[in-house]
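Structure first, commentary second.
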2 protein chains.
Amino acid sequence: MAMGRPLQHQPDVALTAAMQTFWRLGYHHTSLRDLLAAMEISRSSLYQLYGNKEALFLTALERYRDQLLNTLRASFYQAASAWAFIENLLTQAALNAQSEQAQLGCLIFNSATELGGEASLPAQSARQCVDDISGFFTQVIVRAQHEGSISADNDAASAAQFLTFSMSGLRLLLKSGATKPQAQQTVKHVLQGLR
Amino acid sequence: MAMGRPLQHQPDVALTAAMQTFWRLGYHHTSLRDLLAAMEISRSSLYQLYGNKEALFLTALERYRDQLLNTLRASFYQAASAWAFIENLLTQAALNAQSEQAQLGCLIFNSATELGGEASLPAQSARQCVDDISGFFTQVIVRAQHEGSISADNDAASAAQFLTFSMSGLRLLLKSGATKPQAQQTVKHVLQGLR
DNA sequence: AACTGTTGGGAATGATCATTCCATAAAATT
DNA sequence: AATTTTATGGAATGATCATTCCCAACAGTT
């Protein structure tokens, strides 16, 4: 074993806790007190291990994006068709209407809207993450076009953007307290818009 | 004329300046310094005339909503058809892609997303405003259904919500720097989704 | 001239914030 | 026992924030 006292906390656990806190409260509104309480480490350790609040947010955001994209990709590659994947994605979002998860929305979209046009690193990173999601959806659209479920006349990138903001819009709806039937009906509109 | 020194500033002008500042910076991120500079009044006057930051935001938000709804209603009632109104609304939004206005987004949606699930008065008010917009769109949808341009099978409220978040999503897209052709393509998706 | 309401800004209050420094304790090594 | 690394928390720093109090200047009225 290496010399010196071994690490007492698991960096993964602490990072996940930080991520959830940012998710719940937003970047600016999350204070160091909140972080320390959630991560269950001391101020000193936080600065030593993660640099500062901004750096911690960046790594937490990247982790969130990685996890999200991994989940999406896994579900995509094992889906019967691209269209089935899209349908399932939206339907699941609508079904989970009242869950806490849905109430929180998506960390990436939340951050992108909160940080808006800021020039800060967190803002840049958030916008990049939105692009990453949109890029993944573009692949999905392209496959759907090959499979014939979406007209090849459509620009794949635009369709992907439509799908992206529809996901974010759906989240906003659910956050505003839309009922499950309303959400399901809205999903139909989105699916119809993609065709 | 009334006794005492007459008002030097026009409350309307100052309120508009405050509104634009909240619009540009968001509620939390707008400091009193920002407000005073934009409104060109003194701290004393602000507190005397508008109460405090929170109260000022509430009146500014209401004014924004009133102006927006008035503009929308005027354009709606003089439109050839409900569908033409919707088409025009979305197309104009896409055409103004690069304008400063579009970059700002909409004060109501910005506030609703920024304040999210907060229990504060500003948050409640923002959610109410989203409902107000959605309510207006419901009327539009109902008229479109009477005119036959939207299937009567659709739930009007759900379609209105779809339209509402599509507007907000379009704004987010433009904020993220989507090109004009992309935005126009996305509008087609939204219109198709409404049918 | 006396009165009344508006305006402006200095100063203080009390709170929160992120960050740094520092001294100390704990747990492992050699 | 000496060393190395990690952990903790008190204290201070410097900044910003919204808000209140207060006093002086201002611009009209009667």
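These numbers come from the heavy atoms of this one structure, side chains and all, not from hydrogens, waters or symmetry mates. Throughout, a chain's letter reflects where its sequence line sits, starting with A, and its residues are numbered from 1.
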Within the 6.0 Å centroid threshold, strictly below: B/F162 and B/F165: yes
B/F136 and B/F76 aromatic centres sub-6.0 Å: yes
Closest contact, heavy atoms only, B/S151 versus B/Q145: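 Nearest pair, atom of B/S151 first, then B/Q145: O-NE2, 3.1 Å.
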In whole angstrom, what separates [X]'s [atom1] from [N]'s [atom2]?
X	N	atom1	atom2	result
B/L36	C/dG9	CG	P	9 Å
A/L46	C/dT20	CG	C1'	13 Å
A/Q8	C/dA28	CD	P	8 Å
A/Q48	C/dC22	CD	P	16 Å

Under-3.5 Å donor-acceptor pair between A/R5 side chain and D/dA7 base: no
Heavy-atom neighbours of A/E40 CD exceed 12 at 6.0 Å: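 No.
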Heavy-atom protein contacts under 4.0 Å, nucleotides 9-22 of chain D, coded B base, S sugar-phosphate only, - none: BBB-----SSBB--
B/S45 side chain, from C-beta outward: closest of C/dG5, C/dA28, C/dG8: C/dG8
Mutual orientation of the aromatic rings belonging to B/F22 and B/F57 [parallel < 30°, tilted 30-60°, perpendicular > 60°]: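 Aromatic pair B/F22/B/F57 classed perpendicular.
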Which atom pairs, donor and acceptor, lie under 3.5 Å between side-chain atoms of residues 116-127 of chain B and protein residues at least two apart or in another chain?
{"unit_1": "B/E118", "atom_1": "OE1", "unit_2": "B/S120", "atom_2": "OG", "d": "3.0"}
{"unit_1": "B/E118", "atom_1": "OE2", "unit_2": "B/H28", "atom_2": "NE2", "d": "2.9"}
{"unit_1": "B/S120", "atom_1": "OG", "unit_2": "B/A123", "atom_2": "N", "d": "3.4"}
{"unit_1": "B/R127", "atom_1": "NH1", "unit_2": "B/G116", "atom_2": "O", "d": "2.6"}
{"unit_1": "B/R127", "atom_1": "NH1", "unit_2": "B/E118", "atom_2": "O", "d": "3.4"}
{"unit_1": "B/R127", "atom_1": "NH2", "unit_2": "B/E118", "atom_2": "O", "d": "3.0"}

